Amino acid sequence: MSDINISDRLSQEKQTITIKEGVTFEVDCSAETMIKAQEKFKKGADLNTMFEIIHLLLVEENAIEIIKGMKLKAKHIETIVLAIMAQVQEVPFEEMEKRFRENTAE
């Protein structure tokens with residue numbers, strides 16, 4: 001049997017989100033981290049859970065402090081989490097936003 005080369009399908013391209021000009025964070029899109037975040041995401045969308053997801057998925061250690069220092073509204077924190085989850089699941093932001101709205105409407 002010949003070799004099956006799937007190296008081009010296993011992209012290791014860094015995924016990032018930009019919150020404002022000059023503030024960009026790398027997202028940890030590893031399978032293990034994604035599963036942990038999805039479990040937290042399914043439990044609810046309270047502010048503490050959102051910060052836990054942010055802490056879990058953003059590579060930069062002081063990301064939480066930077067984000068909290070921006071004094072954002074809860075709606076903005078939700079938007080950050082949705083952007084992170086979109087990167088992790090490799091779907092457009094709008095798709096993740098739609099999924100979230102459908103799940104919270106139930």
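None of the values given here were measured: they were computed from a predicted structure.
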Taking side chain as C-beta onward, heavy atoms only, is F93 less than 4.5 Å from T79?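 In short, these two side chains touch, coming nearer than 4.5 Å.
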Are the side chains of I80 and L72 in contact, using a 4.5 Å heavy-atom criterion?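 In short, these two side chains touch, coming nearer than 4.5 Å.
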Using 0.5 Å steps for rounding, measure from the [atom1] atom of [X] to the [atom2] atom of [Y].
X: F51; Y: L56; atom1: CZ; atom2: CG; result: 14.5 Å
X: I66; Y: I54; atom1: CD1; atom2: CD1; result: 12.0 Å
X: N48; Y: I77; atom1: CG; atom2: CD1; result: 11.5 Å

In the hydrophobic cluster built from side-chain contacts under 4.5 Å, what are the other members alongside I6?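 Members other than I6 - counting any ILVMFWY side chain reachable under 4.5 Å - are I4, L10.
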Given I64, I53, I84, the one that forms side-chain contact (heavy atoms from CB on, under 4.5 Å) with L58: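 When I64, I53, I84 are each tested with L58, the side-chain contact (heavy atoms from CB on, under 4.5 Å) holds only for I84.
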Have a look at L82 and tell me which of E94, E95, K98, E97 forms a side-chain contact (heavy atoms from CB on, under 4.5 Å) with it.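 Result for side-chain contact (heavy atoms from CB on, under 4.5 Å) with L82: E97.
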With sequence neighbours left out, write down each residue that passes side-chain hydrogen bond (donor to acceptor under 3.5 Å, both in side chains) with D46, or none if nothing qualifies.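 Expected list: T49.
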According to side-chain hydrogen bond (donor to acceptor under 3.5 Å, both in side chains), who are the partners of Q89, at least two apart in sequence or on a separate chain?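 Applying side-chain hydrogen bond (donor to acceptor under 3.5 Å, both in side chains) to Q89 gives R99.
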Do you reckon V23 sits in the same ILVMFWY cluster as V59, going by side-chain contacts under 4.5 Å, direct or chained?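 Shared cluster, no.
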All N/O donor-acceptor pairs, side-chain side in residues 27-40, below 3.5 Å, sequence neighbours left out:
unit_1	atom_1	unit_2	atom_2	d
D28	OD1	S30	N	3.0
D28	OD1	S30	OG	2.9
D28	OD2	T33	OG1	3.0
S30	OG	T33	OG1	2.9
K40	NZ	E52	OE1	3.0

Scan for salt bridge (Lys or Arg N to Asp or Glu O under 4.0 Å) pairs involving residues 65-84, sequence neighbours excluded, and state none if there are none.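 For residues 65-84: K75-E78, E78-R101.
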Validation: residues 13-20 side-chain donor-acceptor distances under 3.5 Å, sequence neighbours left out:
unit_1	atom_1	unit_2	atom_2	d
Q15	OE1	Q87	NE2	3.3
T18	OG1	T24	OG1	2.9

